[in-house]
K.L.:
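Sharing a structure, written as structure tokens. Questions coming.
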Amino acid sequence: MLRLSESSLRPGPLSVQSQPLASACLTLLSPDPQPSTAPPKPKPPPLTKETVVFWDMRLWHVVGIFSLFVLSIIITLCCVFNCRVPRTRKEIEARYLQRKAAKMYTDKLETVPPLNELTEIPGEEKKKKKKKDSVDTVAIKVEEDEKNEAKKKKGEK
């Protein structure tokens, strides 16, 4: 048979005698809400696509206009910055070769002398001094040859 000792008969922290005190403390900490006699607050109407948002525009109008605005900005940025991603290896290699050819073309174009050095402008005095970097055109070489031949003929006579 089960025997109870004196320690088990003494009131402990969770014994039956301390229950009313614990419930009193709990009611002080969390009081029960008083039921109100006022009618409950009405729920706002549900948000649907036909809900008027502002300026007599429905929700789907606002979403559509906003979407078109964002799409137009994206398209504009892609056109300005040429944001097309190549899809195949062939396109990537073709774009690389195109950039390489363009760079070579610009490098060669920088070595071409200015137009006024390549062509003769009527009424302009001819410059006697030549620059070391200037390129002689066929017309200049022909004129020099004619002058040299004329000097030789004068020297022979």
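For clarity, every value in this text was computed on a predicted model and none was experimentally measured.
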K.L.:
For residues Tyr96 and Ile92: do they belong to one hydrophobic cluster (side chain heavy atoms under 4.5 Å, members Ile, Leu, Val, Met, Phe, Trp, Tyr)?
P.N.:
no
K.L.:
Step by step, work out the salt bridge (Lys or Arg N to Asp or Glu O under 4.0 Å) result for Asp145 and Lys141.
P.N.:
CA-CA 6 Å; Asp145 290 343; Lys141 288 182 180 179; over 6 Å; no
K.L.:
For atom CG of Asp56, is the number of surrounding heavy atoms from other residues, nucleotides or ligands below 6.0 Å larger than 12?
P.N.:
no
K.L.:
Can you confirm whether Val70 sits close enough to Phe66 that some side-chain heavy atom of one is under 4.5 Å from a side-chain heavy atom of the other?
P.N.:
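In contact.
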K.L.:
With the 4.5 Å side-chain cut-off for hydrophobic clustering, are Trp60 and Met57 part of the same group?
P.N.:
no
K.L.:
Shared ILVMFWY cluster between Leu59 and Trp55, side chains joined below 4.5 angstrom?
P.N.:
yes
K.L.:
Rounded at 0.5 Å granularity, tell me how far CG in Leu97 sits from CD in Glu93.
P.N.:
7.5 Å
K.L.:
In the hydrophobic cluster built from side-chain contacts under 4.5 Å, what are the other members alongside Ile73?
P.N.:
Phe69, Leu77, Val80, Phe81
K.L.:
Kindly list each side-chain donor-acceptor pair under 3.5 angstrom involving residues 45-54, sequence neighbours excluded, with atom names and distances?
P.N.:
residue	atom	partner	partner atom	Å
Thr48	OG1	Glu50	N	3.4
Thr48	OG1	Thr51	OG1	3.3
Glu50	OE1	Arg58	NE	3.0
Thr51	OG1	Thr48	N	2.9
Thr51	OG1	Thr48	O	3.0

